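Taking it in order: structure first as structure tokens, then the write-up.
A note on names: the letters A, B, ... follow the listed sequences, proteins ahead of strands, and every chain is numbered from 1. Both backbone and side-chain heavy atoms feed into the values below; hydrogens, waters and symmetry mates do not. Small disclaimer: the values here were computed from a predicted structure and weren't measured.
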There are 2 protein chains.
Amino acid sequence: MEENAPSGRRSGWKQDPAAVQADILRAATEEFARNGLDGARISDIAERTRTTKRMIFYYFQDKQTLYRRVLEEAYRKIRAEEAELNLGALPPLQALRRLVEFTFDHHRRSEPFIRLVMIENIHAARHLRDSDLIARVNDSAIERIRDICTRGQATGEIRPDITPLELHWMISALCFFNVSNRPTFGTNFGDELFTEQAQARLRERVADMVVAAARA
Amino acid sequence: MEENAPSGRRSGWKQDPAAVQADILRAATEEFARNGLDGARISDIAERTRTTKRMIFYYFQDKQTLYRRVLEEAYRKIRAEEAELNLGALPPLQALRRLVEFTFDHHRRSEPFIRLVMIENIHAARHLRDSDLIARVNDSAIERIRDICTRGQATGEIRPDITPLELHWMISALCFFNVSNRPTFGTNFGDELFTEQAQARLRERVADMVVAAARA
DNA sequence: CCACAAATGAACCATGCGGTTAATTCTGTC
DNA sequence: GACAGAATTAACCGCATGGTTCATTTGTGG
């Protein structure tokens, strides 16, 4: 009686549209992250799939729409991962440090997402702006910091003249750049900062910087 | 008797190859910075020029070569501008602060360059690596900081366990991100941080952060 | 089991675009 | 002022690539 969830187990079935779409989205994410919107080839995406080029246009109208869906999905996934972090139990400055460290690690593990954001910035966030789905997915990121701030400012541990948005900007800048600009930075100045040890050290330096910026 | 400099005044002359090449390079820089390597159209570049598409291939063999030349020229120009800054006269921490503030302002004014670097990062710095011209143009950036460090560490103002490379990384991250990710950041969280006042404030926050990270 | 829709496959199409050909005009030289 | 080589123009080309057409298969509800 109860119908299976669309992409659930359908053993015996020959068709599973939801799975096909998910498969396309996965392949497209890889391809767009690797080569950008213009650089990506639909036929290459198709080859990474268990289906054909035809189906890509069947489920997603055109290249731009597919790209937008990829972007939406990537944001959704990343924010969901971030949401798992529970900082409410920690004292404000410790929570902040933990958030920075987590973000540093998380960004390093999320190169495809970082690259999609880079690509979107090259395109002046045109497609991001077109997407209504994303709009309020990001608020949670700020809310998490706002909570830290209000708690910390109540106890006097955090200076009153800093905003959650500024803190988020700092954290993002340092953690994002570390992944996004590794190629040119490494080429220009060597890869010394990208060994495991150097990265661990950098991680603490970044945490120190942000905490120091917030401390009263 | 004395021949004019290639791109100098050639009034009366109908041909000026050097000027044509410079013109192409200028137009190509605009186009590549705006649309990326794949997004840029040679015909669009030609239209922004006083010459034709054919001449682009005549002077620069193909699209990739043109792009590489654009990249080289952009790096050369930017490092030349940065070199004008004279920090030797200032005490170490003051020099560092001045460097951060300068870099913050300079990056804001150099969006096309920032975008070229973003684009190059998307391409894993492939073309940058191909260019031998650029290799040691960047050393000066590190040397400038190294000088500050050695001076500051001699007097004990600067902590001994920080490297010029780390400082450069911090400065770059904060100043670069401010320009590179403005589109997505603004779209996701609003443009509050990008007003003149907020930017001025951010500029000081960034300077504080870096100086604090360096201070013993 | 039939009708109808959703899903799929193979072959095809239009054209934008990077790059070229070949002929023409400059410019400096002997 | 003729010759050689560089600079320039206009017209052209191949083909990769986004997107489509049309026919066929697969699944579902009556």
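- Of the options B:E120, B:R69, B:E72, a side-chain hydrogen bond (donor to acceptor under 3.5 Å, both in side chains) to B:H127 is made by B:E120 and by none of the others.
- No more than 12 heavy-atom neighbours from other residues, nucleotides or ligands sit within 6.0 angstrom of CZ on A:R98.
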How far apart are the C-alpha atoms of B:R109 and B:E81, what are their side-chain angles, what is the distance that settles it, and do they pass the salt bridge (charged side-chain N to carboxylate O under 4.0 Å, His left out) test? CA-CA 12 Å; B:R109 277 186 271 110; B:E81 285 170 28; 5.0 Å; no
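- For an aromatic pair to be called close, the ring centres must be under 6.0 Å apart, and A:F60 with A:Y67 fails this.
- Set against D:dT8, D:dT9, D:dT21, the side chain of A:R54 has D:dT21 as its closest nucleotide.
- In the set C:dA7, C:dG18, D:dT9, the nucleotide with an atom closest to the side chain of A:M55 is C:dA7.
- Between B:L66 atom CG and C:dC17 atom P there is a gap of 16 Å when expressed in whole angstrom units.
- In the region residues 31-45 of chain A, proximity to DNA chain C at under 4.0 angstrom, judged on heavy atoms, holds for none of the residues.
- At whole-Å resolution of the value, CZ in B:R50 and P in D:dT8 are 12 Å apart.
- For the pair A:Q21 CD and C:dA6 C1', the interatomic distance rounds to 12 Å; values are reported in whole Å.
- Residue A:Y59 is in sugar-phosphate contact alone, with no base atom involved, counting any heavy-atom pair closer than 4.0 Å across all strands shown.
- Note: CZ (A:F60) to P (C:dA7) measures 12 Å, nearest angstrom.
- With distances taken from any side-chain atom of B:D62 to the nucleotides C:dG9, C:dA22, C:dG19, the minimum falls on C:dG19.
- Looking at A:T184 and B:Y75, their side chains come closer than 4.5 Å, going by heavy atoms from C-beta outward.
- No side-chain N or O of A:N121 forms a donor-acceptor pair with one of B:S180 less than 3.5 Å apart.
- The side chain of A:F57 sits closest to D:dG19 out of C:dT21, D:dC22, D:dG19.
- Here B:F185 and A:H168 bring their ring centres to under 6.0 angstrom of each other.
- In the set D:dG18, C:dT20, D:dA6, D:dG18 carries the atom at the smallest distance from any side-chain atom of A:K53.
- Atom CD1 of B:I56 is separated from atom P of D:dT8 by 13 Å (rounded to the nearest Å).
- Remark: B:T52 is not in phosphate contact with D:dA11, judged by side-chain N or O atoms under 4.0 Å from OP1 or OP2.
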